[in-house]
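This report concerns only the one structure given below.
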Amino acid sequence: MTTQAQVEEAVVIRHEQGLHARPAAQLARIASRYQANTTLIKDSDGSEADCRSVLSLLVLAAGNGSHLTVRGDGPDAAEAVRAVVEFFASGFDQWQ
């Protein structure tokens with residue numbers, strides 16, 4: 001049995017409203033496309049959110065300028081993390 005390594009990348013929220021309801025829903029849809037479990041970790045306090053859960057993402061309360069770590073764990077973790085990082089890099093604009 002092959003063990004999958006964790007993949008992590010840093011992102012910064014670059015949207016004046018932070019990670020609000022619409023991008024949280026979009027992010028949950030993106031994360032749901034992959035088998036990997038993807039998690040956002042808020043660097044300032046270590047709180048975590050499941051990227052597939054809109055409620056979990058909203059509870060994270062990640063505002064503009066928040067530094068986060070995207071962690072993926074599973075068979076397609078690299079692809080899942082890359083998709084989440086691209087979503088944040090776009091400033092949520094391409095997903096509106």
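Side-chain atoms are counted along with the backbone in the values below, which use heavy atoms only and exclude waters and symmetry mates. The structure presented is a predicted model; accordingly, all values stated were derived computationally and were not measured. Count residues from 1 along the sequence.
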Could you report the tightest heavy-atom contact between [X] and [Y], atom names first, then the distance?
X   : Y   : value
S56 : A49 : OG-CA, 3.1 Å
I41 : E48 : CG1-CG, 3.7 Å
L60 : S47 : CD1-OG, 3.4 Å
L58 : A24 : CD2-CB, 4.0 Å
A31 : T38 : CB-OG1, 3.4 Å
A77 : V7  : CB-CG2, 4.0 Å

### Message
Determine whether a donor-acceptor pair (N or O, by modelled atom type, separation under 3.5 Å) exists between the side chain of K42 and the backbone of S66.
### Response
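Side chain of K42 to backbone of S66: no pair is present.
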How long is the straight-line distance from [atom2] of [Y] back to [atom1] of [X], given to the nearest 0.5 Å?
X   : Y   : atom1 : atom2 : value
D50 : N37 : CG    : CG    : 7.0 Å
L57 : T39 : CG    : OG1   : 10.0 Å
L19 : L27 : CG    : CG    : 6.5 Å
S53 : L40 : OG    : CG    : 11.0 Å
C51 : R29 : SG    : CZ    : 14.0 Å
D76 : R82 : CG    : CZ    : 10.5 Å

Test item: [X] and [Y] side chains (from C-beta on) under 4.5 Å apart, heavy atoms:
X   : Y   : result
E9  : V11 : no
F88 : I13 : yes
F87 : V70 : no

### Query
Around Q35, counting heavy atoms of other residues, nucleotides and ligands shown, do more than 12 lie under 6.0 Å from its CD?
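No, not enclosed.
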### Query
Same cluster or not: are F92 and V54 linked, directly or through other Ile, Leu, Val, Met, Phe, Trp or Tyr residues, by side-chain heavy atoms under 4.5 angstrom apart?
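No, it is not one cluster - the side chains of F92 and V54 are not joined through contacts under 4.5 Å.
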### Task
For side chain to side chain contact (heavy atoms under 4.5 Å, CB included), just list the numbers for R33 and E79, CA-CA rounded to whole Å, side-chain angles, deciding distance to a tenth of an Å, and then say yes or no.
CA-CA 10 Å; R33 296 179 194 156; E79 294 87 355; over 6 Å; no
